[in-house]
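Here is the structure we will look at.
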Amino acid sequence: MAKQDKQFVNNIADINTDFAQWYTDVILKTDMVDYGPVKGTMVIKPYGYAIWENIQHYLDTEFKKLGVQNAYFPMFIPESYLKKEAEHVEGFAPEVAVVTYAGGEELNEKLIIRPTSETIICAMYSKWIKSYRDLPVVMNQWCNVVRWEKTTRPFLRTSEFLWQEGHTVQASMEDAVRDTQTMLNVYKNCLRNLMAIPTLTGKKTENEKFAGAVETYGMEAVMKDGKCLQAGTSHNLGQNFAKASDIRFLNKDGVLEYGYSTSWGVSTRLIGALVMVHGDERGLRMPPNIAPIQVALIPIASKVDGVLEKCENIKEELSNAGIRVKFDNSNNTPGWKFNEYEMKGVPLRLEVGPRDIENGVATAVRRDTHEKIQLNLNNLAVEVDDLLKEIQSNMLKQAEDNLNSSIVETEDFNELVNEVNNKKVALAYHCGDSNCEREIKEKTTITARVIHSYDENHKCIYCGKKSKYRLYFGKQY
């Protein structure tokens with residue numbers, strides 16, 4: 001086996017001492033993304049976009065099993081639409097981008113470039129929904145949104161990003177609650193099954209819920225630096241947006257009533273979560289289920305007769321078995337290739353040279369453990385598939401171990417602050433008072449992530465009043 005060149009790897013910042021720079025180095029050096037010409041924007045390159053396509057495929061399949069239909073709504077929203085729901089416009093006002101001039105003249109009404117689409121979608125739903133027979137309406141759109149962020153970082157927080165946003169209207173609050181929780185579980189399973197990322201899920205506090213929602217459920221992933229990343233949200237909007245947009249229907253008794261709506265979404269920030277949950281000192285580590293390239297096939301001593309031909313046969317066999325394989329027969333050295341695909345996080349590397357062919361084997365190297373294994377060429381597709389499943393399972397276990405070790409139960413406020421500042425997520429009792437929660441955030445930059453459970457038998461960790469629930473507290477991206 002050729003010797004691995006470490007020069008490429010050494011160009012990455014130390015993951016343990018400069019996590020932020022490590023993240024930037026990895027996403028740029030692996031050709032996932034580049035900075036756009038407008039501050040805060042990003043160009044998602046093919047390798048990064050392939051990850052998003054795999055997320056899209058998984059979610060789109062699951063959505064359609066639940067009867068969700070895809071549609072598309074305009075990105076320009078009349079300013080008056082946004083102002084219909086007062087809490088909503090207040091929540092998004094600092095982030096909106098506004099068009100005032102178009103077609104060579106000043107516009108009579110300003111246009112908002114969508115930060116989210118509740119208002120315009122509800123306006124259309126109000127035209128389409130007249131009777132209980134029109135319900136439920138369950139639509140989703142894959143699109144971009146614009147939120148003019150002051151501090152940006154590719155994938156995690158950008159002025160423009162890609163996402164999906166689902167919007168439903170139901171005839172009852174019970175059905176809306178069911179929709180909200182069902183979609184949260186779809187997201188939870190996507191991260192777990194596709195991306196090998198376990199999450200903390202639960203209801204958001206009043207301070208942290210979506211602007212205009214009755215309830216928001218969140219999904220938090222914990223990064224290797226101990227910070228939380230809101231990976232997805234599902235909102236029960238009750239009748240708030242229905243009343244603002246006049247979504248009414250005749251029920252079975254012939255009585256006119258307002259509908260109950262929900263909205264739910266995940267975005268390209270999931271790619272950032274993938275990097276920060278699984279990455280290591282050598283770069284990316286991709287769980288096989290989401291990896292754009294599952295196997296990197298590297299010929300050794302490629303000028304020897306029969307090596308390239310054998311690799312072509314192996315590529316065809318693996319591809320026919322549904323395995324995403326990249327056969328790299330470029331003029332780069334094997335050592336360069338080893339570094340390249342290790343940095344890109346390809347789950348499995350296969351090395352095939354004259355001696356391997358003579359012995360009827362291929363040398364496999366796992367990205368998750370760096371273990372080297374001899375695989376039988378006569379049963380290669382089956383053995384590779386089994387190994388990829390094992391890697392997926394192991395990476396989920398590693399992520400679960402990291403999540404569990406990150407959570408610390410705290411009973412004293414100073415202990416909570418110390419633990420969170422020491423890259424932990426603190427579990428603590430809280431009174432549920434918004435002012436108390438806000439004071440904690442203002443003093444420490446520590447925020448409530450999601451509610452763990454309801455419990456009135458203890459005291460609030462901050463103010464000492466009777467507890468309402470247990471909360472996960474942490475620093476956030």
Side-chain angles (χ1 to χ4, degrees), residues 3-35 42 45 47-48 51 151-158 195-198 220-229 231 269-287 290-291 293 296 333 335-349 365-372 391 394-408 417-426 445-446 474-477:
K3 184 178 179 181
Q4 185 165 359
D5 180 4
K6 296 295 182 184
Q7 181 180 0
F8 188 62
V9 175
N10 290 337
N11 286 331
I12 309 171
D14 189 323
I15 189 172
N16 296 311
T17 60
D18 195 347
F19 192 77
Q21 188 60 51
W22 169 88
Y23 173 81
T24 300
D25 288 347
V26 169
I27 61 172
L28 294 177
K29 291 177 183 294
T30 55
D31 241 12
M32 299 172 72
V33 69
D34 203 350
Y35 294 106
M42 62 178 172
K45 301 177 79 171
Y47 193 62
I51 298 169
T151 303
T152 60
R153 188 179 299 176
F155 295 125
L156 300 179
R157 198 173 289 275
T158 50
M195 306 176 71
I197 297 177
E220 300 285 323
V222 180
M223 308 297 101
K224 283 193 171 177
D225 64 348
K227 289 184 180 178
C228 296
L229 183 74
R269 75 165 21 194
L270 290 183
I271 300 175
L274 184 73
V275 175
M276 293 193 293
V277 167
H278 294 301
D280 64 12
E281 71 281 356
R282 304 189 188 194
L284 291 173
R285 294 194 315 151
M286 292 279 188
I290 197 171
I293 303 169
T333 66
W336 185 94
K337 295 174 186 179
F338 296 166
N339 281 320
E340 174 75 0
Y341 296 109
E342 184 174 74
M343 178 76 164
K344 284 180 174 286
V346 175
L348 193 65
R349 185 173 78 234
V365 182
R366 292 174 55 156
R367 177 64 179 88
D368 61 328
T369 63
H370 309 296
E371 180 185 3
K372 297 175 186 176
I391 293 170
N394 183 54
M395 292 188 70
L396 175 60
K397 183 181 183 304
Q398 290 176 337
E400 285 179 327
D401 290 344
N402 182 69
L403 175 64
N404 292 334
S405 66
S406 297
I407 299 170
V408 178
V417 173
N418 290 335
E419 291 291 357
V420 172
N421 287 337
N422 195 33
K423 302 181 179 180
K424 299 293 183 181
V425 176
T445 71
I446 294 170
K475 294 287 183 74
Q476 67 172 336
Y477 274 98

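All values below come from the heavy atoms of this structure, side chains included, with hydrogens, waters and symmetry mates left out.
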Should M223 and V277 be marked as a side chain to side chain contact (heavy atoms under 4.5 Å, CB included) after you check the CA-CA gap, both sets of side-chain angles, and the distance that decides it? CA-CA 5 Å; M223 308 297 101; V277 167; 3.5 Å; yes
Where do R282 and M343 land on the side chain to side chain contact (heavy atoms under 4.5 Å, CB included) test, with the steps shown first? CA-CA 6 Å; R282 304 189 188 194; M343 178 76 164; over 6 Å; no
Quick check: does any side chain N or O of N421 sit under 3.5 Å from a backbone N or O of V417, one acting as donor and the other as acceptor? yes
Look at the side chain of R157 and the backbone N and O of T152, then say whether any donor-acceptor pair between them is shorter than 3.5 Å. no
Would you say that V420 contacts K475 through its side chain, given a criterion of any heavy-atom pair below 4.5 Å between the two side chains? yes
4.5 Å side-chain heavy-atom contact, L348 and V365: no
Side chains of D25 and Q21 only: does a donor on one sit below 3.5 Å from an acceptor on the other? yes
What is the minimum heavy-atom distance between I271 and G48, and which atoms define it? CD1-O, 3.6 Å
Would you compute the distance between atom CD1 of I197 and atom CG of L403 and round it to the nearest 0.5 angstrom? 11.0 Å
So which atom in L270 and which in A231 form the shortest heavy-atom distance, rounded to 0.1 Å? CD2-O, 3.3 Å
Distance check, rounded to the nearest 0.5 Å: S406 atom OG versus E419 atom CD? 11.0 Å
Any side-chain to backbone donor/acceptor pair from Y47 onto K344? Under 3.5 Å, distance only. yes
Side-chain donor-acceptor pair under 3.5 Å between N418 and K424, yes or no? no
Hey, is the main chain of H278 close enough, under 3.5 Å, to the side chain of R285 for a donor-acceptor pair? yes
Rounded to the nearest 0.5 angstrom, the CZ-CE distance for R153 and M42 is 13.5 Å
Minimal non-hydrogen separation, V26 against T30, with atom names: O-OG1, 2.6 Å
Look only at the side chain of R367 and the backbone of L284, and say whether a donor-acceptor pair between them is shorter than 3.5 Å. yes
Determine whether the side chains of Y477 and D225 contain a donor N or O and an acceptor N or O closer than 3.5 Å. yes
Please step through side chain to side chain contact (heavy atoms under 4.5 Å, CB included) for the pair I51 and F155, ending with a clear verdict. CA-CA 12 Å; I51 298 169; F155 295 125; over 6 Å; no
Please report the shortest heavy-atom distance between G272 and Y23, naming the atom on each side. CA-OH, 3.5 Å
Could you check whether R366 pairs with D368 (Lys NZ or Arg NE/NH1/NH2 to Asp/Glu carboxylate O, under 4.0 Å)? yes
Donor-acceptor under 3.5 Å (W22 side chain, G283 main chain): no
So NZ of K45 and CG of L28: to nearest 0.5 Å the spacing works out to 8.5 Å
Closest heavy-atom pair and its distance - A273, L229: CB-CD2, 3.5 Å
Mark yes or no: K224 above the aromatic ring of F19, with NZ or CZ under 6.0 Å from the six-membered ring centre and no more than 45 degrees from the axis. no
Do the side chains of P287 and L396 get nearer than 4.5 Å, heavy atoms only? no
Closest approach of A13 to D18 (non-hydrogen atoms, all atoms of both residues): CB-O, 4.1 Å
So, the side chain of T158 versus the backbone of P154: is there a donor-acceptor pair under 3.5 Å, distance only? no
If I take atom CG from residue L274 and atom CZ from residue R269, how far apart are they, to the nearest 0.5 angstrom? 14.5 Å
Is there a side chain to side chain contact (heavy atoms under 4.5 Å, CB included) between E220 and Q476? Walk through the geometry before answering. CA-CA 9 Å; E220 300 285 323; Q476 67 172 336; 5.8 Å; no
